[in-house]
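Hydrogens, waters and symmetry mates are skipped; everything else that's a heavy atom, side chains included, is used.
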Amino acid sequence: MKSKSYKFLNFISNLFLPESCNLRVLAYHDIIDSNKFEAQIKFLVKSKYNIISVNDLHAYLYDGKILTKNSLLITFDDGDVSVLDHGLPILRKYDLPSVMFVITGLINSANTFWCRWVEIALQNQGKSYAESRVVVNSLKKMSNSERVAYLEKLDPVASRQLTIDDMLKMQNGKMFIGNHTHTHPMVNKCTDQELNNDLKLSLASFEKWQLPGGKIFAYPNGNWDKESEEILKNNGIDMAFLFDHKLNKKDINPMRISRIRVNSDTELNEFKVKISGLHSKLMTLKNRIV
Ligand SMILES: [Zn+2]
């Protein structure tokens, strides 16, 4: 959509959208534009939204505590180092809490997150970025064992990853460290045993690092199904976040918390439309029509 359209939609959302939601959760990945990210954060600070911590949300869901009006939680997936380098300083400047969901198997390693690994390895072989994305998307649809077998044949690609010290620094800077699995599988493509093993490894890592967030979980790629949810519960996970680009309804299921997808380089008008919930409604409508 063009920026002019977002300006118009933002105007519309301010005029007509009723205030029906009391919890918004934003899902970021990396920080590719610090200036635009800071503009988004500045807007949130001055707006009607109240930025809460994941502990505030947990206390609301489990201990009957009140949730502040227009609560908004900021989250990041995948443990990208750009969030530590460029996102955390901005959040600290405004003294805001947030959550980073990490892939525990990558911590303290020089390995690359598998989606990025496939992109780089295939581009090194002469494929275009678009072609590499087609492969990534097809891998997400395969069984977990097929995906793992494909990755085993790829040339290794080194990346900087978060260290345990980085995570402690983040946690001390009000960026809570949560669980995004050990290897970032598509949980609905795993056998029960594969998912149980992955969760046990991630939970053991949190225990080893003495970080409290192992039981607060974000579904990789947002892939969710009832069977996986049961396995998560059996492993003691008591909060799980989706990636469904929706606002939360009045009654929140702690294992199915909706999140709005945003990027650090999103223009402010587009960002405002997305967090208003209007964008999500338009997308739903578009999917019904198409
Ligand atoms: Zn992820």
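- Once rounded to the nearest 0.5 Å, the distance linking CG of Leu96 with CD1 of Ile41 reads 6.0 Å.
- Proximity of Gln171 to Pro212: side-chain heavy atoms (C-beta onward) are separated by under 4.5 Å at one or more points.
- A salt bridge links Lys274 with Glu270: at least one charged nitrogen is closer than 4.0 Å to a carboxylate oxygen.
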Given side-chain hydrogen bond (donor to acceptor under 3.5 Å, both in side chains), test Ser82 with Asp80 step by step and report yes or no.
CA-CA 5 Å; Ser82 63; Asp80 196 273; 2.6 Å; yes

Derivation of the side-chain contact (heavy atoms from CB on, under 4.5 Å) call for Asp78 and Ile103
CA-CA 6 Å; Asp78 300 339; Ile103 306 161; 4.0 Å; yes

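- Judged purely by distance below 3.5 Å, without hydrogens or angles, the side chains of Asp244 and Ser258 pair a donor atom with an acceptor atom.
- The ring pair (Phe, Tyr, Trp, His ring centres under 6.0 Å) pairs that include a residue from residues 67-112 are Tyr28-Phe76, Phe101-Phe241, where partners are two or more places apart or lie in different chains.
- Here the shortest heavy-atom pairing between Val187 and Pro220 reads CG1-CD, 4.2 Å.
- Side-chain N or O atoms of Asn124 include none that pairs as donor or acceptor with a backbone N or O of Ala121 at under 3.5 Å.
- Using a cutoff of 4.0 Å between basic side-chain nitrogens and carboxylate oxygens, Lys174 and Asp95 are scored as salt-bridged.
- Checked by atom type and distance alone, the side chain of Asp30 never pairs as donor or acceptor with a backbone atom of Ile32 at under 3.5 Å.
- Ser71 and Arg24 form no side-chain donor-acceptor contact under 3.5 Å, judged by distance and modelled atom types alone.
- Using a 4.5 Å heavy-atom threshold, the side chains of Val135 and Tyr150 count as touching.
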Verdict with reasoning, Glu229 to Lys226, per salt bridge (Lys or Arg N to Asp or Glu O under 4.0 Å):
CA-CA 5 Å; Glu229 184 177 280; Lys226 277 188 180 167; over 6 Å; no

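- Side-chain contact between Glu267 and Lys36 is present, with at least one heavy-atom pair separated by less than 4.5 Å.
- Side-chain contact between Phe37 and Thr266 is absent, with no heavy atoms from C-beta onward closer than 4.5 Å.
- Here the straight-line distance linking atom OG of Ser228 with atom CE of Met255 works out to 10.0 Å at 0.5 Å rounding.
- No more than 12 heavy-atom neighbours from other residues, nucleotides or ligands sit within 6.0 angstrom of CD on Glu207.
- Proximity of Pro254 to Tyr62: side-chain heavy atoms (C-beta onward) are separated by under 4.5 Å at one or more points.
- Minimum heavy-atom separation, Thr75 to Arg259: OG1-NH1, 2.9 Å.
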Using the rule given for side-chain hydrogen bond (donor to acceptor under 3.5 Å, both in side chains), can you reason through Asn70 versus Asn50, listing the C-alpha separation, both sets of side-chain angles and the distance that settles it, and then say yes or no?
CA-CA 6 Å; Asn70 291 316; Asn50 291 301; over 6 Å; no

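- A donor-acceptor contact shorter than 3.5 Å is absent between the side chain of Glu227 and the backbone of Asn188.
- Within the 4.5 Å cutoff, the side chain of Lys69 has heavy atoms near those of the Asn22 side chain.
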What do the steps show when you test Met175 against Lys169 for side-chain contact (heavy atoms from CB on, under 4.5 Å), and what is the final call?
CA-CA 9 Å; Met175 186 174 275; Lys169 185 178 160 192; over 6 Å; no

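- Under a hydrophobic clustering in which Ile, Leu, Val, Met, Phe, Trp and Tyr are joined whenever their side-chain heavy atoms come within less than 4.5 Å, directly or via other members, Phe243 and Met100 fall into different clusters.
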Applying side-chain contact (heavy atoms from CB on, under 4.5 Å) to Leu26 and Leu44, what does each step give before you reach the verdict?
CA-CA 11 Å; Leu26 303 188; Leu44 291 177; 4.1 Å; yes

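- The main-chain N or O of Ile52 is never found under 3.5 Å from a side-chain atom of Asp56 such that the two would form a donor-acceptor pair.
- Judged by distance alone, the side chains of Asn263 and Asp265 never bring a donor and an acceptor atom under 3.5 Å apart.
- Within the 3.5 Å criterion, the main-chain N or O of Asn35 finds a donor-acceptor partner in the side chain of Asp33.
- The CG atom of Leu168 lies 6.0 Å from the CG atom of Leu211; values are rounded to the nearest 0.5 Å.
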Can you give me every donor-acceptor pair (side chain of residues 153-160, partner residue at least two apart or in another chain, under 3.5 Å) with its distance?
from   : atom 1 : to     : atom 2 : distance (Å)
Ser159 : OG     : Thr112 : OG1    : 2.6
Arg160 : NH1    : Asp85  : OD2    : 2.9
Arg160 : NH2    : Asp85  : OD1    : 3.1

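- Side-chain contact check for Asp198 and Thr183: at least one donor-acceptor pair (N or O, by modelled atom type) lies under 3.5 Å.
- In the hydrophobic clustering of ILVMFWY residues, with side-chain heavy atoms under 4.5 Å counting as a link, Val25 and Tyr60 come out together.
- A donor atom on one side chain and an acceptor atom on the other are found under 3.5 Å apart for Asn179 and Ser202.
- Asn253 places none of its side-chain heavy atoms less than 4.5 Å from the side chain of Ile257.
- Taking both residues in full, the closest heavy atoms of Ser132 and Gln123 are given as OG-NE2, 4.0 Å, listed atom of the first, atom of the second, then distance.
- The residues Arg116 and Glu119 are annotated as salt-bridged, a charged nitrogen and a carboxylate oxygen being separated by less than 4.0 angstrom.
- Hydrophobic clustering of Ile, Leu, Val, Met, Phe, Trp and Tyr side chains at less than 4.5 Å, counting indirect connections, unites Val45 with Leu72.
- Listed here is the closest heavy atom pair of Thr163 and Ile107: C-CG2, 4.0 Å.
- For the residue pair Ser53 / Asn55, no side-chain donor-acceptor distance below 3.5 Å is found, with atom types taken as modelled.
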side-chain contact (heavy atoms from CB on, under 4.5 Å) between Lys93 and Glu38, worked out
CA-CA 10 Å; Lys93 183 170 158 187; Glu38 182 160 8; 2.6 Å; yes

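- With a 4.5 Å cut-off on side-chain heavy atoms, Val134 and Val136 do not count as touching.
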As a quick check of understanding, evaluate ring pair (Phe, Tyr, Trp, His ring centres under 6.0 Å) for Phe113 and His29, giving each step before the final call.
CA-CA 12 Å; Phe113 167 45; His29 281 93; 8.0 Å; no

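- Put simply, CD on Gln40 and NZ on Lys272 are 11.0 Å apart, with the number rounded to the nearest 0.5 Å.
- Between Lys189 and Glu194 there is no salt bridge, since no side-chain N of the basic residue sits under 4.0 Å from a carboxylate O of the acidic one.
- Between the side chain of Trp114 and the main chain of His184, a donor-acceptor pair closer than 3.5 Å is present.
- The cluster map of Ile, Leu, Val, Met, Phe, Trp and Tyr, joined by side-chain heavy atoms under 4.5 Å apart, puts Leu203 and Trp209 in different clusters.
- At least one donor-acceptor pair closer than 3.5 Å links the side chain of Glu146 to the backbone N or O of Ser143.
- When every heavy atom of Leu232 is checked against every heavy atom of Ala240, the shortest pair comes out as CD2-CB, 4.1 Å.
- Between the side chain of His180 and the backbone N or O of Ala218, at least one donor-acceptor pair lies under 3.5 Å.
- Taking all atoms of both residues into account, the shortest heavy-atom contact from Leu268 to Ala39 is CD1-O, 3.8 Å.
- Under the 4.5 Å side-chain heavy-atom criterion for Ile, Leu, Val, Met, Phe, Trp and Tyr, Leu199 and Phe206 are members of distinct hydrophobic clusters.
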Any chance you could lay out the side-chain hydrogen bond (donor to acceptor under 3.5 Å, both in side chains) test for Asn221 and Lys140, step after step, and finish with the verdict?
CA-CA 9 Å; Asn221 204 48; Lys140 286 178 180 176; 3.0 Å; yes

